[in-house]
Amino acid sequence: MNATQLRKLESELWKAADQLRANSKLTASEYSMPVLGLIFLRHAYNRFLKVKVEIEKSLPSHPQRGIRPLTKQDFEKKNAMFLPEKAQFQYLVNLEESKDIGEELDNAMRLIEEEYESLNGVLPKNFSIFSKDLLKELLRIFNKEVLQQADGDIFGKIYEYFLNKFAMTGAQEGGEFFTPMSLVQTIVNVIEPESGIILDPATGSAGMFVQTGYFLENQGLKEVSKKVTFYGQEKADVNTKIAKMNMAVHGLEAFIAQGNTFYEDKHELVGKCDRIMANPPFNVDGVDKAKEVVKKDPRLVLDGKVQLPKNDNANYLWILYFYNYLKPTGRAGFVMASSASDAGHSEKEIREKLVKTGAVDVMFAIGNNFFYTRSLPCTLWFFDRSKESDKKKSDLVLMLDARKIYRKVTSKVNDFSPEQLQNLICIVNLYRGNKDKFEKTVKDYYQKSHDLAQETSDAIQNLQKQFQITMKKVEGFAVNFAKENKEGKAFVDSLKITEITEVVEQQNKLVSEIKKVKPESKSLEAIAHLCKGLRKPQDKLLKQFLDAINTAVKDFQLNKNRDWKDINLKADIDQLKNTLEALSGNPEEENFGLLHDTEYFWKQAHWLTSRFPKGVYTDVEGLCKVVTQKEIEAKDWSLSPGRYVGVDTSTDEEFDYEERLHEIHIELEGLNEEAVALAKSISNNFNELAI
């Protein structure tokens with residue numbers, strides 16, 4: 001499922017579910033937890049079914065007793081939740097008409113809580129507030145065929161989408177927002193959680209932990225909970241429950257406590273954590289620093305004493321927590337308001353002391369619109385306390401300005417594409433002296449471009465054959481038709497497209513080059529340029545051909561002509577269109593086609609190799625710079641990457657006009673949606689005024 005399809009699905013599910021809420025007269029707060037509970041149940045059931053198939057393939061069989069029955073332990077080994085029969089989604093969907101659906105859903109949640117102590121008191125059990133019809137409709141919505149096939153990643157995104165929509169409607173306590181996937185993945189990939197204690201003292205929906213689980217699974221680790229121990233703390237009761245649900249559905253164990261992190265340290269992990277990851281609330285006012293628990297908080301110690309910023313802003317309280325929770329070998333990654341990187345007065349003094357420890361490792365500047373509910377830019381901070389004991393490394397900080405690196409998801413939301421994220425992580429690895437990630441990524445890009453080139457060659461040859469067959473049929477008909485109809489000569493003339501020879505030559509040249517291509521830079525560069533050069537002329541040729549046919553059909557009413565019906569062009573034209581779409585893509589579906597993708601992956605490799613031609617770290621104007629403590633001091637202890645990396649003044653030869661046109665299309669869609677919403681609001685206001 002591509003991004004556009006996922007967005008449409010999320011939107012459809014939300015509109016359907018929210019429409020039911022509006023008709024039921026329930027508040028968003030009353031409605032949010034039960035709906036999230038249903039998404040949780042649907043997700044858990046999908047994973048249950050998928051893992052069940054895997055388990056059954058390897059179950060031992062006894063000559064007398066037969067195949068051993070499934071057990072709860074079988075599912076736990078696969079990081080999946082075991083679901084009793086009456087807690088399975090399909091059982092609830094197929095309930096008899098006489099059954100009380102609300103009671104059955106409450107019972108399903110109770111059965112799951114009985115199986116998993118960590119979920120005790122967490123799952124929603126107030127489905128009786130819904131009418132029977134509303135519950136039936138909700139079950140139907142979350143039983144769509146597309147959701148029956150959805151995997152964990154898709155459900156994770158749907159879950160996140162609903163969390164954010166509920167947050168925007170005021171359903172979450174305090175209006176908390178949730179960390180976008182791109183930023184979570186960036187943090188996880190930079191701090192590289194491998195083992196030990198992982199803490200998030202601003203847990204939210206536990207997205208950091210879930211992505212850590214994926215990261216470790218991608219490293220080949222099957223039983224994540226045996227390698228790491230997750231600890232979380234969250235102020236809001238609703239969010240604590242959501243986090244526990246999220247962990248359970250992903251088959252992960254976590255100790256998540258409810259508590260206000262400013263005044264409580266539920267897990268007492270100062271100096272014990274291997275990794276810290278968090279997205280704390282920005283610019284929180286009103287923390288009572290006069291409380292003894294704050295004045296004596298060991299999490300605020302730096303340079304031998306408690307450091308309390310004098311302003312009414314909690315940003316530096318969080319920053320100090322993250323530093324002090326770490327072991328001498330620990331790493332931390334967290335999201336912070338951009339203003340914190342340059343804050344003055346007492347905060348600057350704390351920042352100076354932090355820099356002098358040598359623990360500040362990487363600073364990432366992130367552009368606008370990475371959050372659903374706010375448009376401001378942010379900064380990712382990374383600590384590595386192992387640097388403190390290394391005289392050379394402790395003096396250095398990587399400044400990375402990624403504000404111009406993003407992919408437009410909607411008119412109001414940006415993220416990193418998977419390749420953009422990989423490229424940024426490669427830079428961090430080169431800075432740390434690790435070439436392996438860079439070399440593997442570049443090699444993978446070249447291989448991907450090479451493999452796509454082979455598919456492109458096959459598609460072009462198929463297109464040529466299909467075009468020749470279709471053209472022969474149409475020309476044969478047109479010539480005979482012109483013999484009987486003087487006007488038919490115009491049809492024959494319209495098929496004499498002068499560009500055919502030129503396009504065929506371009507196609508043949510590309511196919512010929514692809515036969516010789518190897519997964520390396522030089523040969524792929526030529527292929528990439530040929531792919532880019534072929535697309536528009538090829539599209540134009542096919543459009544002219546199809547336009548000539550459509551015009552003739554309309555002008556000569558060919559649909560009534562028996563000979564025309566006999567050549568039966570529909571299947572041929574459908575094949576042509578499908579093959580052309582495979583090559584040229586369909587921006588509406590965020591499918592850019594083989595020609596674009598072959599070039600795209602070569603360009604990703606080129607993006608890296610052109611900036612780091614020797615495969616080692618080097619400063620790149622406008623992108624990254626390694627600075628010393630002396631340089632930071634000279635800029636008043638600022639940790640804003642933009643103040644160090646400079647401005648890239650080179651001509652952007654890699655500017656992707658197609659991608660920019662796609663962005664403009666997304667922006668236009670957003671403006672149209674806003675216009676419709678505004679018109680509806682105005683109309684409702686007029687109706688209320690009886691105008």
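All figures in this text were calculated on a predicted structure; none of them were measured in a lab.
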**OP:** Look at the rings of Phe255 and Tyr231 and say which category their plane angle falls in: under 30° parallel, 30 to 60° tilted, over 60° perpendicular.
**Re:**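 Ring orientation of Phe255 relative to Tyr231: parallel.
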Is the shortest side-chain N to carboxylate O distance from [X] to [Y] below 4.0 Å?
{"X": "Lys132", "Y": "Glu137", "result": "no"}
{"X": "Lys241", "Y": "Asp237", "result": "yes"}
{"X": "Lys72", "Y": "Glu115", "result": "yes"}
{"X": "Lys52", "Y": "Glu56", "result": "yes"}
{"X": "Glu97", "Y": "Lys136", "result": "yes"}
{"X": "Glu113", "Y": "Lys125", "result": "yes"}
{"X": "Asp106", "Y": "Arg110", "result": "no"}

**OP:** Tell me, with the steps shown, if Trp602 and Tyr446 meet side chain to side chain contact (heavy atoms under 4.5 Å, CB included).
**Re:** CA-CA 6 Å; Trp602 171 79; Tyr446 284 148; 3.9 Å; yes
Original post:
On the ring face of Phe142, is Arg42 found with NZ or CZ under 6.0 Å from the centre and within 45° of the axis?
Top reply: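 No cation-pi geometry.
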Looking at [atom1] of [X] and [atom2] of [Y], how far apart are the two atoms once the value is rounded to the nearest 0.5 Å?
{"X": "Asp100", "Y": "Glu104", "atom1": "CG", "atom2": "CD", "answer": "7.5 Å"}
{"X": "Thr441", "Y": "Ile425", "atom1": "OG1", "atom2": "CD1", "answer": "9.5 Å"}
{"X": "Asp574", "Y": "Leu569", "atom1": "CG", "atom2": "CG", "answer": "10.5 Å"}
{"X": "Lys235", "Y": "Thr203", "atom1": "NZ", "atom2": "OG1", "answer": "14.0 Å"}
{"X": "Leu595", "Y": "Glu455", "atom1": "CG", "atom2": "CD", "answer": "11.5 Å"}
{"X": "Ile198", "Y": "Thr212", "atom1": "CD1", "atom2": "OG1", "answer": "5.0 Å"}

Between [X] and [Y], do the side chains contain an N or O donor and an N or O acceptor separated by less than 3.5 Å?
{"X": "Ser584", "Y": "Asp539", "value": "yes"}
{"X": "Gln461", "Y": "Ser457", "value": "yes"}
{"X": "Asn423", "Y": "Tyr445", "value": "yes"}
{"X": "Gln454", "Y": "Asp458", "value": "no"}
{"X": "Thr579", "Y": "Gln466", "value": "yes"}
{"X": "Thr71", "Y": "Asp74", "value": "yes"}
{"X": "Ser449", "Y": "Thr598", "value": "no"}

Where [X] and [Y] come nearest, the two heavy atoms and their spacing:
{"X": "Ala243", "Y": "Gly204", "result": "CB-O, 3.4 Å"}
{"X": "Ala17", "Y": "Ile141", "result": "N-CD1, 4.1 Å"}
{"X": "Asn368", "Y": "Asn414", "result": "O-ND2, 3.2 Å"}
{"X": "Phe40", "Y": "Leu123", "result": "CE2-CD2, 3.6 Å"}
{"X": "Gly333", "Y": "Ile187", "result": "O-CG2, 3.6 Å"}
{"X": "Glu419", "Y": "Tyr600", "result": "OE1-OH, 2.8 Å"}

Does the side chain of [X] reach to within under 4.5 Å of the side chain of [Y], using non-hydrogen atoms?
{"X": "Leu147", "Y": "Leu9", "answer": "yes"}
{"X": "Val184", "Y": "Val210", "answer": "no"}
{"X": "Pro418", "Y": "Arg407", "answer": "yes"}
{"X": "Leu36", "Y": "Ile242", "answer": "yes"}
{"X": "Asn126", "Y": "Pro34", "answer": "yes"}
{"X": "Ser118", "Y": "Asn120", "answer": "no"}
{"X": "Met181", "Y": "Asp415", "answer": "no"}
{"X": "Pro193", "Y": "Met277", "answer": "yes"}

Original post:
Residues in side chain to side chain donor-acceptor pair (under 3.5 Å) with Lys437, at least two apart?
Top reply: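 If we apply the side chain to side chain donor-acceptor pair (under 3.5 Å) test to Lys437, skipping adjacent residues, the hits are Gln422.
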Looking at [Y], is its backbone amide N or carbonyl O close enough to the side chain of [X] to form a donor-acceptor pair, meaning the two atoms are under 3.5 Å apart?
{"X": "Glu234", "Y": "Ala236", "answer": "yes"}
{"X": "Asn218", "Y": "Tyr214", "answer": "yes"}
{"X": "Asn246", "Y": "Ser205", "answer": "yes"}

Subject >> Steps toward ring-ring contact (aromatic ring centres under 6.0 Å, His included) verdict (Phe82, Tyr116) >> reply: CA-CA 9 Å; Phe82 171 75; Tyr116 294 93; 8.0 Å; no
Original post:
Take atom CD in Glu103; do more than 12 heavy atoms of anything else shown fall under 6.0 Å from it?
Top reply: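 Counting other residues, nucleotides and ligands, CD of Glu103 stays at 12 neighbours or fewer.
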Original post:
If you draw a 6.0 Å radius around CD in Glu117, do more than 12 non-hydrogen atoms from other residues or ligands fall strictly inside?
Top reply: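 Atom CD in Glu117 is not packed in, count stays at 12 or less.
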Original post:
Can you check whether Phe370 and Phe416 have ring centres sitting under 6.0 Å from each other?
Top reply: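 Yes; Phe416 has its ring centre under 6.0 Å from that of Phe370.
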Original post:
Given the side-chain rings of Trp14 and Phe162, with only the six-membered ring counted for Trp, is the space between their centroids under 6.0 Å?
Top reply: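 Distance test on ring centres: under 6.0 Å, yes.
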**OP:** Report the C-alpha separation of Ile256 and Gln233 in whole Å, then their side-chain angles, then the decisive distance to 0.1 Å, and conclude whether the side chain to side chain contact (heavy atoms under 4.5 Å, CB included) test is met.
**Re:** CA-CA 5 Å; Ile256 298 174; Gln233 187 165 318; over 6 Å; no
Original post:
Going through the checks in order, is the side chain to side chain contact (heavy atoms under 4.5 Å, CB included) test met by Leu111 and Leu83?
Top reply: CA-CA 8 Å; Leu111 289 170; Leu83 296 177; over 6 Å; no
**OP:** Please lay out, stage by stage, how Phe75 and Phe48 fare under the test ring-ring contact (aromatic ring centres under 6.0 Å, His included).
**Re:** CA-CA 8 Å; Phe75 287 87; Phe48 171 85; 4.7 Å; yes
**OP:** Assess whether side chain to side chain contact (heavy atoms under 4.5 Å, CB included) is satisfied between Ile158 and Leu13, documenting all intermediate values.
**Re:** CA-CA 9 Å; Ile158 292 170; Leu13 292 174; 4.1 Å; yes
